[in-house]
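All ligand and atom numbering here is 1-based and tracks the order in the structure. This is a predicted model, so every value here is computed, not measured.
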Amino acid sequence: MSNRQSEIGVLGLGVMGAALTLNLADQSFRIAVYNRDSGREIGTVSNFLAGNASQTNILGFTDLKDFVSNLERPRKIIVMISASAVDAVLADLLPLLDADDIILDAGNSHFKETETRQALCSKSKIEFIGCGVSGGERGARFGPSIIPGGSPIAFSAVEPYLKSIAAKDKNGSPCMSYVGKGSAGHFVKMVHNGIEYVEMQLLAELYQLLRGSWSNERISELLESWNGGELHSYLLEITSNILIKKEGDSYLLDQILDKAGNKGTGSWSSISALELGSDNSMMSAAVFARYLSSQKETRVRLNLPNREKSDSEIEIPSLKNAYDAARRLNHLQGFELIRLASNEFSWDINFSELARIWTNGCIIRSALMEEVSERFKTAPSLLEDKEYISELGDLENALSESVQDFVQHRIASPAFSSSWNYWIGLTTANGSANLIQAQRDYFGAHTYQRVDDPNGAAHHTNWEE
Ligand code: 6PG
C-alpha cells in the first residue's frame, strides 16, 4: 500500500458512501475509505477496491486508527452510515482525532442529535458538520444536492470537495450551499424529505383515482405530457416510467404490495411542525397515509368496494390544475416550516439560495423549485408573494372539483384534501376559532381575546352565571 497521505476520508462504504467516494475520485482527490471488516461487512473494503481498481487515488482501510493516521491534518472525514450507527462510530473515532479535525455527517440524522453531537465534539475542539445529501445512489455518484450546516470555518475547509461533487444548476453553479450554523443542514434536509413525501403521495393519489378506468400506459402518457410542461419534476418523470415497467407480461407495479415504508424523516418533519406551531398538514397527511398503508391486513378485512367509475367523470384539466395547486401549497408549507425554524434558531437561511440548490441533484427538483427560487429573490415568504397567492386563487376551483372527484369515486386523498383545507383556512378571514376559545374559557378559564378590544387583553366569562 502506498504511504501517501489522503486529503479527505469517507467512513462507511454502503451504497451511498461508495457512490460518494467514486464521485470524489472522479474529481481526482486523494481519498481514504474505511469500513469495518466484520459480520456481514467482511470484505467490503477489499471488494470495493477490487471493483474500482482503475481508481488509483483511493486507499482502503479496515483499521480505524490506520485510516485516521492516513489523513492530512486538519482531518476531514465524511461519515456516510445509517443514522442509528453514528453515535457508536463517534465513540470510536473521537479519541483518535485532534483539535480542528472535521467530521461531516452526510446521513439523514435527526437535527437534534446533530446538535448533541456538535456539543460533544466541541469538547475536544472537533468540528461536526450536519450535512444533508439528496439524490439517492445515482445522485451521490454523479452529483447530489448538498446541504451543509455547522461552523462556517469548518465548512470552508470542506467546501471545495462538496462543491466539486455536487450537481450543477442550470447556470452551472454547484447545488451546494452553506445553509446555517448548528443543525440547520440536517433540519433543512429533513424538511426536504417531508416535501418529498407529499410530492410522492399526491402522485399516488392521482394514480389511485385514474387506475380504476385507465390503463397504466394511459396514466403514464398523461403524466409524461404534464412533465413536458411547467409541472416538470423528477418525481413525476420517474412515476411515469414506473407505471409502464414490465416484468414478463405484467406490470411490475401491480406486483408490488401496497405497504409503504419510511425511515423517519417525514414524521420528524411533522413533529417539528407541531413543535414550532406550523401548519404542515400535507406532510403529516402523507406520513399517516404511509402508516395506514402498512395496516394491510385490517384494510383487507374491512374492504368496501370503490364506486363504479367511468373516465368521463374525471375532469382531467381540473386534475392537472389541482395537482399544480396542491404542489404549490406543499412547497408553501414546507418553506414556511423552514422559515419558522430559521427565525426560532437564528439560522438566517437564504431561501432563494436554498431553493436553488434544490433545482438539481435532489429528489424534489422541479420546474416549480426553479420558480420558487426566483420568487424568494424578492419575497421573504411565499405567503407574501402576491402573484404566488393569486395563482393559487385561480387554481382553487380546479382543486375543489378534483377533491370532489376523489370523494365521488370513494378514493382516499389525504394530501389533496388537506391541501384544499389548508388553502380554504388560509384564505378565510373569519374562522370558527372564536368558538374554540369560548369552549376553552368555559371549561378551563383559559381566557379569550375580544374583537372589540384592540389591545388583545385576556378576558374571562363565568359562562354558567
Ligand atoms: C434523498 C432521499 C433519501 C431517502 C430518504 C427517504 O433526498 O435522496 O430523501 O434521503 O430516500 O431516506 O426515505 P424514506 O422514504 O424511507 O423515509
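The shortest N/O to N/O separation between Lys189 and ligand 1 falls below 3.5 Å. Looking at Gly261 next to ligand 1, no N or O pair under 3.5 Å apart turns up.
Heavy atoms of His192 come nearer than 4.0 angstrom to ligand 1 in at least one pair. The closest approach between any non-hydrogen atom of Gly266 and ligand 1 is not below 4.0 Å. Within the structure, the closest approach of Gly136 to ligand 1 falls below 4.0 Å when heavy atoms are considered.
Taking a cut-off of under 4.0 Å to the non-hydrogen atoms of Ile363, the atoms of ligand 1 that pass are 1 (C), 2 (C), 7 (O), 8 (O). Contact atoms of ligand 1 toward Lys263: 14 (P), 16 (O), 17 (O) (distance under 4.0 Å to a heavy atom of the residue).
When atom types are taken as modelled, the side chain of Ser402 and the backbone of Leu399 share no donor-acceptor pair closer than 3.5 angstrom. Not one N or O on the side chain of Ser413 forms a donor-acceptor pair closer than 3.5 Å with the backbone of Phe416.
With a 6.0 Å cutoff to the six-membered ring centre and a 45° limit on the axis angle, Arg375 does not count as a cation-pi contact of Tyr388.
Only side-chain heavy atoms of Arg290 come within less than 4.0 Å of ligand 1; its backbone N, CA, C and O stay farther off.
Smallest separation of non-hydrogen atoms from Ile363 and Leu235: O-CG, 3.6 Å.
In this structure, the protein non-hydrogen atom closest to atom 12 (O) of ligand 1 is Asn108 ND2, 3.2 Å. When hydrogens are left out, the protein atom nearest atom 11 (O) of ligand 1 is Glu196 OE2, 3.9 Å; that is the closest non-hydrogen contact. Of all protein heavy atoms, the one lying nearest to atom 5 (C) of ligand 1 is Asn193 ND2, 3.5 Å. The protein heavy atom nearest to atom 8 (O) of ligand 1 is Gly135 N, 2.9 Å. Among all protein heavy atoms, the one lying closest to atom 17 (O) of ligand 1 is Tyr197 OH, 2.5 Å. The protein non-hydrogen atom at the shortest distance from atom 7 (O) of ligand 1 is Ser134 OG, 2.5 Å.
Asp37 and Thr62 share no side-chain donor-acceptor pair at under 3.5 Å.
For residues 129-141, the set of pairs meeting the salt bridge (Lys or Arg N to Asp or Glu O under 4.0 Å) definition, not counting sequence neighbours, comprises Asp26-Arg141. Among residue pairs with one or both ends in residues 360-385, those qualifying as ring pair (Phe, Tyr, Trp, His ring centres under 6.0 Å) are Phe335-Phe376, Phe351-Phe376; sequence neighbours excluded.
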Determine, step by step, whether Asn360 and Lys170 satisfy the side chain to side chain donor-acceptor pair (under 3.5 Å) criterion, reporting the C-alpha distance in whole Å, the side-chain angles of both residues, the deciding distance to 0.1 Å, and the verdict.
-> CA-CA 8 Å; Asn360 202 6; Lys170 62 175 194 248; over 6 Å; no
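Interatomic distance, Glu297 CD to Lys259 NZ, rounded to the nearest 0.5 Å: 4.5 Å.
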